[in-house]
Number of protein chains: 2
Amino acid sequence: MTEPPKKRGRPRAFDPSLALDRATDTFLRFGYAGASLEALTTAMGVNKPSLYATFGDKRRLFFRALEELATKIGRRCRLAFERGDSLESSLREMFLEAVDIYSSSDAPAGCLVVSGSATEAIVDEGMAQFSRELFALCDKVMAKWMVPYVREGSAVSAMVLSQLCNGVIHDISLRARIGESKVKLREHARGAAVALARSVT
Amino acid sequence: MTEPPKKRGRPRAFDPSLALDRATDTFLRFGYAGASLEALTTAMGVNKPSLYATFGDKRRLFFRALEELATKIGRRCRLAFERGDSLESSLREMFLEAVDIYSSSDAPAGCLVVSGSATEAIVDEGMAQFSRELFALCDKVMAKWMVPYVREGSAVSAMVLSQLCNGVIHDISLRARIGESKVKLREHARGAAVALARSVT
DNA sequence: TCATTTTTGTACCGAATAGAACAAAATGCC
DNA sequence: GGCATTTTGTTCTATTCGGTACAAAAATGA
């Protein structure tokens with residue numbers, strides 16, 4: 001499968017998927033407003049007309065990057081959570097994974113929503129809505145993971161715990177972005193796992 | 001006190017303190033990169049030469065805004081925390097205060113560090129350093145407030161609790177910025193207070 | 001071979017950008 | 001009143017911004 005469909009005209013000289021990854025890095029690095037078309041096209045190895053033909057304008061390119069990255073990160077978090085065999089160990093795995101994601105040496109530090117679309121959200125209702133829906137989804141999905149660990153009638157519901165976990169992850173992305181060391185971030189992740197696990201006991 | 005020092009030349013036609021507040025709002029609204037000098041001078045009611053003479057360039061103006069705002073917010077958080085008479089009530093007061101601060105109708109929603117300097121931190125080491133030092137200070141100061149409520153030898157230290165609290169506050173600023181309702185934010189704040197207070201029991 | 005189709009590279013557009021130059025205006029001091 | 005001083009408003013500049021026009025290039029189909 002995925003054999004080339006043998007299209008008619010001149011073949012593209014770049015890999016759209018790879019180019020999108022480069023665009024993601026550029027948006028991560030400079031933010032949405034700060035990422036100039038020149039920086040984007042240079043990083044992507046693509047001319048402006050090709051960029052427009054393939055991805056539409058800057059804003060649509062950003063949404064494509066957002067969607068792709070959110071999916072990737074969501075999957076990594078779920079897999080990390082599933083590695084644990086207790087609430088505390090699951091949270092620890094997930095938070096440590098967040099440290100790896102947001103302070104990887106392969107990409108600019110931080111989160112494309114926290115430091116990208118959220119910043120733009122005030123002047124772009126579309127980005128605000130995207131962010132709200134994504135946050136709501138994360139809260140809801142993660143709450144499901146929490147259910148087995150929350151006693152019935154507990155003072156702390158699965159949803160509250162889930163929102164706190166997402167808050168910790170957002171905070172890790174922030175602290176990574178401003179250059180806190182991996183050692184410190186990992187300590188932070190472990191401490192948060194202990195505390196949040198204790199909150200439902 | 002504060003009597004006019006009777007300077008020599010033509011008197012300024014604007015109040016620098018008020019102008020700085022307007023600049024803060026503009027940076028909050030558009031982010032650092034997105035806030036154009038025209039938007040700034042228009043909001044501040046000041047011409048560009050006056051802006052440069054009074055505050056230096058755009059970057060220095062931003063630092064001035066940051067410093068002033070951080071002081072104000074720090075004070076409000078401390079006062080709110082002191083209104084409580086238990087860990088849970090103190091945290092609740094503080095988190096609810098954060099909701100008011102970050103989703104006030106008087107100013108654009110969100111936090112100038114989270115959605116401002118942190119976004120710029122990767123391309124501006126000065127902003128990264130400012131943010132790191134501010135976060136470290138907040139963690140340290142808030143940890144002192146927590147000490148009375150943390151048992152000796154507890155699995156959750158005052159510092160871990162403090163970092164979590166700051167994480168909750170950062171998260172509230174984020175969720176406020178993307179337009180979550182005050183009702184939802186207040187629920188979030190109350191839930192976080194319950195959970196974090198329970199984590200040290 | 002040659003027409004058709006699609007992408008490529010270059011060159012360009014008007015608007016907006018951060019910042020500076022400069023003379024007029026408004027004050028205190030002598 | 002005049003002079004020194006400082007701020008003001010206007011104007012300018014060089015650059016960069018997001019986005020596009022257009023023709024050459026590279027593939028397929030007939």
Side-chain angles (χ1 to χ4, degrees), chain A residues 2-20 22-24 26-27 29-66 116-117 119-120 123-124 126-127, chain B residues 2-20 22-24 26-27 29-66 116-117 119-120 123-124 126-127:
Chain A
T2 73
E3 64 261 13
K6 287 265 181 190
K7 284 199 308 183
R8 222 6 178 43
R10 178 174 176 169
R12 339 191 109 91
F14 65 97
D15 175 1
S17 166
L18 194 73
L20 186 56
R22 298 291 181 85
T24 303
T26 309
F27 280 127
R29 180 166 194 78
F30 298 106
Y32 177 76
S36 68
L37 274 193
E38 203 203 343
L40 285 164
T41 52
T42 302
M44 297 167 78
V46 167
N47 298 320
K48 276 190 267 192
S50 300
L51 189 155
Y52 275 77
T54 311
F55 300 103
D57 62 8
K58 181 182 173 182
R59 189 165 174 276
R60 293 218 284 176
L61 175 62
F62 183 72
F63 275 107
R64 290 279 301 270
L66 267 180
S117 58
T119 299
E120 226 65 21
V123 290
D124 187 332
M127 291 210 191
Chain B
T2 72
E3 65 261 10
K6 290 265 182 190
K7 285 199 310 183
R8 209 43 161 31
R10 176 172 179 172
R12 2 179 95 93
F14 65 95
D15 176 0
S17 167
L18 193 72
L20 186 56
R22 300 292 182 84
T24 305
T26 308
F27 280 128
R29 179 166 197 77
F30 299 104
Y32 177 77
S36 68
L37 275 194
E38 202 202 346
L40 285 164
T41 52
T42 301
M44 297 166 78
V46 166
N47 300 320
K48 275 187 268 192
S50 301
L51 189 153
Y52 275 78
T54 311
F55 300 103
D57 61 8
K58 180 181 173 183
R59 189 167 175 275
R60 293 217 283 177
L61 176 61
F62 183 72
F63 276 107
R64 289 280 300 271
L66 267 180
S117 58
T119 299
E120 228 64 23
V123 289
D124 187 332
M127 293 211 191

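Since the structure is predicted, the reported quantities are computational estimates derived from the model, not experimental observations. Note on naming: letters A, B, ... go to the chains in the order of the sequence lines (proteins, then strands), and numbering restarts at 1 for each one.
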Whole angstrom value for the distance that separates C1' of C/dA18 from CG of B/Asp57: 9 Å

Atom CG in A/Asp15, atom CZ in A/Arg22: separation rounded to 0.5 Å? 10.0 Å

Residues in side-chain contact (heavy atoms from CB on, under 4.5 Å) contact with A/Ala39, at least two apart in sequence or another chain: A/Thr26, A/Phe30, A/Ser36

Does a nitrogen or oxygen in the side chain of A/Arg12 sit under 4.0 Å from OP1 or OP2 of C/dT7? yes

Main-chain N/O of A/Glu38 paired to A/Thr41 side chain as donor or acceptor, under 3.5 Å: yes

5' priority, DNA chain D, between B/Leu51 and B/Gly9 [closest heavy atom]: B/Gly9

Check whether any side-chain nitrogen or oxygen of B/Ser50 sits under 4.0 Å from OP1 or OP2 of D/dT8, and answer yes or no. yes

In whole angstroms, how far is the P atom of D/dT7 from the CZ atom of B/Phe14? 8 Å

Is it the case that D/dG19 (base atoms only) and A/Lys48 (side chain only) share a donor and an acceptor within less than 3.5 Å, ignoring hydrogens and angles? yes

Any side-chain N or O of B/Asn47 under 4.0 Å from OP1/OP2 of D/dG9? yes

Min side-chain heavy-atom separation B/Leu20-B/Leu61 under 4.5 Å: yes

Nearest whole Å is fine: how far is C/dG19 C1' from B/Tyr52 OH? 4 Å

Specify the closest pair of heavy atoms between A/Ser117 and A/Leu66, including all atoms of both residues, with the distance to one decimal. CB-CD1, 4.0 Å

Interatomic distance, A/Leu61 CG vs D/dC17 P [rounded to whole Å]: 16 Å

Stretch residues 31-46 of chain B: residues that reach within less than 4.0 Å of DNA chain D through a heavy atom: none

Atom-to-atom span, CZ of B/Arg10 to C1' of C/dA23 - whole angstrom: 12 Å

Which label fits A/Phe27 and A/Phe62: parallel for a plane angle under 30°, tilted from 30 to 60°, or perpendicular past 60°? perpendicular

Does A/Arg8 make a side-chain donor-acceptor contact with the base of D/dA27, cut-off 3.5 Å? no

Between D/dG18 (P) and A/Phe55 (CZ): distance, integer Å: 17 Å

When you compare the side chain of B/Phe55 with that of B/Met44, does any pair of heavy atoms fall below 4.5 Å? yes

